[in-house]
Amino acid sequence: TWTPRDCREPNFKPSELWNRVIQVHYLLEQPTHRASAYGAHLNLDKDHIAIAAPVEFMTTYFPPTKFPSGLRDEGPASTPTPFANATNRFNNAPPPSTTADFSMPTAGPDEPKFGARGSALPSGHHERRLSISSNYSRASEMVFGKDALLGPRRPRPHKIWKKKYIKLIVVGDSGLGKTTLIKSLISIPGERLQVHDGSYTPTEQFRRDPESLCSTVSWRDEEDRIIWVYRVQDTPGYGDELDVFKNLKMVVDFIEGQDKKWLDMEQSRDRKEDLAELEDPRVDLCIFCIPPHRLRPIDLKYMFELGKHVPVVPVVTKADTMTIREANTYRTEVANRIANPMVPGIHDKINIFRFERDTLERAGVPDQAIAHPPFLVIASNDISEELAGAEPPLFWPERRYPWGCAEAFNKEHSDLLALRALLMKEALEEINKVKRQRYESWRRSTLGGLKVGRKIMSALLWTIVPAIVCLQVGRAGVRIEDVRRFVRTNVDRVKRLRPAPEAKPASTPPPVVVEELPPPIVKVEPAAPAPLPAHKKGWGF
Ligand code: GDP
């Protein structure tokens, strides 16, 4: 039996349990499979998931390493189960000999527990249940087990570990809490990230070594055998520069630079590994931090320009500085302004990352009625020590004030938990896919641009340059006699420089008689002195 409490265990994956439960449900419903699930019951309600089944069945489908609380010995099968209204297939099932779904193999001599088919062992139902299942499970392992090759479905191939890369960039005005947000977003208990030292993110450091402002975490998805490498790039606030567009250019250059790096890797002649093996530097999306209370035209303009290069997720930081009423009004106002900016220089839609509706629902994003609702978040460098020391420990950033406490992951206070669920779990594949699409269109336009450049060059060489020469010649005028003499002189010179042709066999056609030309006006140079013998040359060694 699993209850919501189990879901808090560190390695417990509710979604995985759910997948298995669906699988078991399927097994129970299929007449051809029923035998393998002989004696299994499944009961679901809003407080718990309960399955009663033979031990081997349970260990196959719900290995205790993955679903720790699942394997509890409930005693003999006649013991009342926690789900009174479930169909008790074990108790109501006909004796196995009449179960025509599946022909049971007979027991071998090394199986003392297994009695004659259909006869209950004296030790009672519990014993019978285990022994029958041992035979069933061996057979069913061949049909349904993880290595099965004989079942109605194709086997699930063994997967090898592969890495997938996600890179976010956090952009916004200075002092909005970008660095604090990154820390709160990706830290876990016992592994709190030090994004960088100092209270402010220097522009010079970003220009020189952006990698030093990048935080990396990684984790393994055991089910799909994927190692997620997750990086979040901090940037200096655009209020640090007198000219905001200088900062914009720096960030855009960084994003393009990462795309260019990947393009170079793709096209590299010396590449030894497949692209999938290489670290992907491309930026997936941008978390754009919006100040609380006021959305300025410069914020919209920055978001718009940046959106041309990477999709944007709008996030209002320091949400604790707004009252409930202010926060609600501001959320709607920001959504409306993003949909319809009405700022000079913004002629198109702002490129906001569009999460799938299902994904938003899974992540528990509250309001989906508005088109582009921003996330209103609270972040903090302080955490609840009490929850950090609890068992299991919890990472719980909070901001303490004399009048109360604003909790970053409390759904009543902030959307950070939903944002974290979205960006680090539910939408990972989606984000990855959008990045690849964005890159492909960037690559097409970049390489297309190069092609156009090459076409212009060749047009210059073969059309425009000759045209200019002709024009010049036309303007200055040439005497046809001069041109003829020039050509003759040069043809003659080339002929003399050419080595004399070897004697040809008689069958070869007679040489073409070339019209005798007037002697060229060639200045005869005195013959060069014969080269000295090697030992007398130069410096004498
Ligand atoms: P950055 O310059 O954008 O990276 O901002 P920092 O992360 O350095 O944060 C600047 C200040 O804002 C720090 O004093 C943070 O403690 C504070 N701060 C960060 N997040 C929040 C928040 O959600 N609410 C409030 N009230 N202050 C915050």
Side-chain angles (χ1 to χ4, degrees), residues 167-187 192-207 209-216 231-242 244 246-248 250-251 254 286-296 298-299 302-303 306 312-328 330-331 334 366 374-385 395-420 423:
K167 191 189 256 185
L168 311 186
I169 185 164
V170 182
V171 172
D173 203 352
S174 3
L176 277 187
K178 296 185 292 300
T179 312
T180 319
L181 174 64
I182 296 174
K183 253 190 261 186
S184 301
L185 192 66
I186 59 177
S187 295
R192 286 174 65 195
L193 285 171
Q194 186 65 39
V195 178
H196 57 79
D197 301 329
S199 59
Y200 121 106
T201 313
T203 306
E204 256 323 295
Q205 187 178 345
F206 182 78
R207 281 190 203 282
D209 182 16
E211 204 50 41
S212 65
L213 299 175
C214 190
S215 312
T216 307
R231 282 168 301 166
V232 188
Q233 178 72 52
D234 199 3
T235 59
Y238 49 73
D240 286 349
E241 302 253 11
L242 285 177
V244 172
K246 231 171 150 184
N247 178 286
L248 174 67
M250 179 179 74
V251 173
F254 171 78
C286 164
I287 297 181
F288 189 86
C289 295
I290 296 172
H293 304 287
R294 289 282 169 277
L295 178 65
R296 302 158 304 175
I298 191 65
D299 299 321
Y302 199 113
M303 217 187 310
L306 199 60
V312 171
V313 175
V315 171
V316 175
T317 54
K318 301 194 179 183
D320 56 319
T321 61
M322 294 185 283
T323 63
I324 297 173
R325 185 185 54 76
E326 284 169 348
N328 287 338
Y330 191 56
R331 193 198 292 272
V334 172
F375 293 86
L376 266 59
V377 303
I378 298 172
S380 178
N381 292 317
D382 301 329
I383 58 163
S384 160
E385 295 301 337
F395 174 67
W396 196 258
E398 60 184 19
R399 304 189 70 82
R400 281 183 287 276
Y401 297 106
W403 52 88
C405 189
E407 297 166 351
F409 289 139
N410 185 336
K411 284 183 184 173
E412 303 283 311
H413 298 186
S414 137
D415 298 334
L416 190 61
L417 192 63
L419 184 66
R420 183 163 153 137
L423 297 183

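Remember, it's 1-based here, ligands and their atoms both numbered in the order they're listed.
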Sub-3.5 Å N/O-N/O distance, D234 and ligand 1: no
Say whether D320, considering both its backbone and side-chain N or O atoms, lies within less than 3.5 Å of an N or O atom on ligand 1. yes
Checking R231 side chain against C214 main chain: does a donor-acceptor pair fall under 3.5 Å? no
Polar atom proximity, K318 to ligand 1 (N or O, under 3.5 Å): yes
I290 and P314: which non-hydrogen atoms are nearest, and at how many Å? CD1-CB, 3.8 Å
For the backbone of S184 and the side chain of R420, can you confirm whether one donor and one acceptor N or O come within less than 3.5 Å of each other? yes
Counting both backbone and side chain atoms, is some N or O of S174 under 3.5 Å from an N or O of ligand 1? no
Just by distance, with hydrogens left out, do S212 and Q205 show a side-chain donor and acceptor under 3.5 Å apart? yes
Donor-acceptor check, side chain of N410 to backbone of E407, threshold 3.5 angstrom: yes or no? no
For ligand 1, is there an N or O atom under 3.5 Å from any N or O atom of T180? yes
Quick check: K178 and ligand 1, any N/O pair under 3.5 Å apart? yes
Of the choices A379, G239, P292, which has the non-hydrogen atom that lies closest to atom 21 (C) of ligand 1? A379
How would you list, by chain and number, every residue that makes a ring pair (Phe, Tyr, Trp, His ring centres under 6.0 Å) with Y238, sequence neighbours excluded? Y302
Do the side chain of R399 and the main chain of I378 share a donor and acceptor less than 3.5 angstrom apart? no
I need the atoms of ligand 1 closer than 4.0 Å to a non-hydrogen atom of Y401, numbered in the order shown. 26 (N)
What atoms of ligand 1 come closer than 4.0 angstrom to any heavy atom of I378? 23 (O)
